2 protein chains.
Amino acid sequence: MTRQGDAGLRDSGDLRLRRAVIESADALYYAHGFRAVGMDALRQHAGVSLKLIYRLFPSKESIVLAVLDYRHQIWAGEVTAAVERAESPRERLLAIYDYLAGWFRAENFRGCVFINAFGELATESPAVAAKAAEHKRDFRNYMDQLAIDAGFSAELGDQLMLLAEGAQVTAAITGDVSMAMKARRAAEMLLSFEETRPTASSAGGVGAPGSHGG
Amino acid sequence: MTRQGDAGLRDSGDLRLRRAVIESADALYYAHGFRAVGMDALRQHAGVSLKLIYRLFPSKESIVLAVLDYRHQIWAGEVTAAVERAESPRERLLAIYDYLAGWFRAENFRGCVFINAFGELATESPAVAAKAAEHKRDFRNYMDQLAIDAGFSAELGDQLMLLAEGAQVTAAITGDVSMAMKARRAAEMLLSFEETRPTASSAGGVGAPGSHGG
DNA sequence: CAGTCCGGAGAACGTTCGTTCTCCACTCCT
DNA sequence: AGGAGTGGAGAACGAACGTTCTCCGGACTG
């Protein structure tokens, strides 16, 4: 389903080259935008000839889709790692905002690549639009599950997701890094609120609610 | 400060033509993206010759900036109108989400034009990036003031803004219209939370807090 | 009515881009 | 050693775009 553009590969060396192209493309596309980076710039940055790039990928669009897959895996890996490091169910729900805070401070931070790709390419590439939607739905489901696992409602997961998305957009456009912590404080309030008034769908969770809501 | 690209106008007829071009450009750019719509498509849709367009605007970028100004005014007008219609200070803070819910349902909804413009053009046009940042900062300041006027903290205004931004992005990308109401319910919780625990910066509010948090 | 200006239609120009093709040096297998 | 295949460098090609220019008809002024 999510496999794209891997027609014509021949051996494992091609896989290594593919990865090199994708990593170069990822860096360039994220820094300058998808359309601003031509195939020639990609060739130069990746150190791979145009002919070879076109043996590995049938078109630029397939490279873009591969980069989005790559970014999704990186995002999912880093987010889950940050969540795993958290020690309480409550902190697991809040870990995303600390992760965002660190990301926003990266010198090359330029927002969520899926949001940018959607704005840049969605009208001309339904496949890119679908990938962005898939990514956002995946993140939403992840937050929902996290909320449920912590004894909250799935709706609370949606709300935490909205705060994270808003922080990403606002930080990217205005450059205001503090949005991650503002979102975190809002999330803390939502957690405290639901802890004191459990909803129907958040019955028997993992941690006993209402024990630390200062 | 916000005036852009109005060099070379000659009479009030030019102003009417300018408006016609901007409205056409707005519709086309929003529907298909800025780069996907060429000057020829704009000429055809606006019914104005290329020569005249280039007498009214020095470049395509100046048209884009004019469209962003135009959209900002429409947004600000509609949002303030929705807020004015609300009857309580609390409802004034929540009016934005009802406005978003109606907007999301529009058949041509494709997300926030400033977010899309940022993703599409920010790396190549600092002026566009600045306009997007200006728009988002303006919205943030508006929500902050609304919160303060209702007796809440400015930080709560920031949080409501983040929810609204997250709803816009998520609704645009996933097509899930319910995000407006999810954001609204989150906002209601944040309001109730701060009503029961007033912060230092939200002292003497308008409405008596704690009267309707069922 | 003659001349001047204005504007419409669209060709033209220069650039950029994605994609393909050419040329050639190099390698590997028999 | 010789020949088929591989891949690098970059030219070539066709399309699209922003911008400018040409041609021409029509309107207004003396």
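The figures here come from the full heavy-atom set of this structure, side chains too, leaving out hydrogens, waters and symmetry mates. Note that this is a predicted model, so its numbers are computed, not measured.
Pairs of residues two or more places apart, or lying in two chains, never qualify as side-chain hydrogen bond (donor to acceptor under 3.5 Å, both in side chains) while including a residue from residues 100-123 of chain A. Within the structure, the ring-ring contact (aromatic ring centres under 6.0 Å, His included) test picks out no pair touching residues 166-185 of chain B (sequence neighbours left out).
Residues that satisfy the side chain to side chain donor-acceptor pair (under 3.5 Å) test with B/S49, not counting sequence neighbours, are absent from this structure. Checked against side-chain contact (heavy atoms from CB on, under 4.5 Å), B/R43 has the following partners two or more places apart in sequence or in another chain: B/D40, B/L50, B/I53. With sequence neighbours left out, the side-chain contact (heavy atoms from CB on, under 4.5 Å) criterion links B/E91 to B/A86, B/S88, B/L94, B/R184.
The distance between atom CD of A/Q44 and atom C1' of D/dG8, rounded to the nearest whole Å, is 14 Å. Between the CD atom of B/E124 and the P atom of D/dC17 there is a distance of 15 Å, rounded to whole Å. The nearest whole Å value for the distance from the CG atom in B/L42 to the P atom in D/dC17 is 13 Å.
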Between protein and nucleotides 16-22 of chain C, what N or O pairs are separated by less than 3.5 Å?
| residue | atom | partner | partner atom | Å |
| --- | --- | --- | --- | --- |
| C/dG18 | OP1 | A/K60 | NZ | 2.3 |
| C/dG18 | OP2 | A/M39 | N | 2.8 |
| C/dT19 | OP2 | A/Y54 | OH | 2.6 |
| C/dT19 | OP2 | A/K60 | N | 2.8 |
| C/dT19 | O5' | A/Y54 | OH | 3.2 |

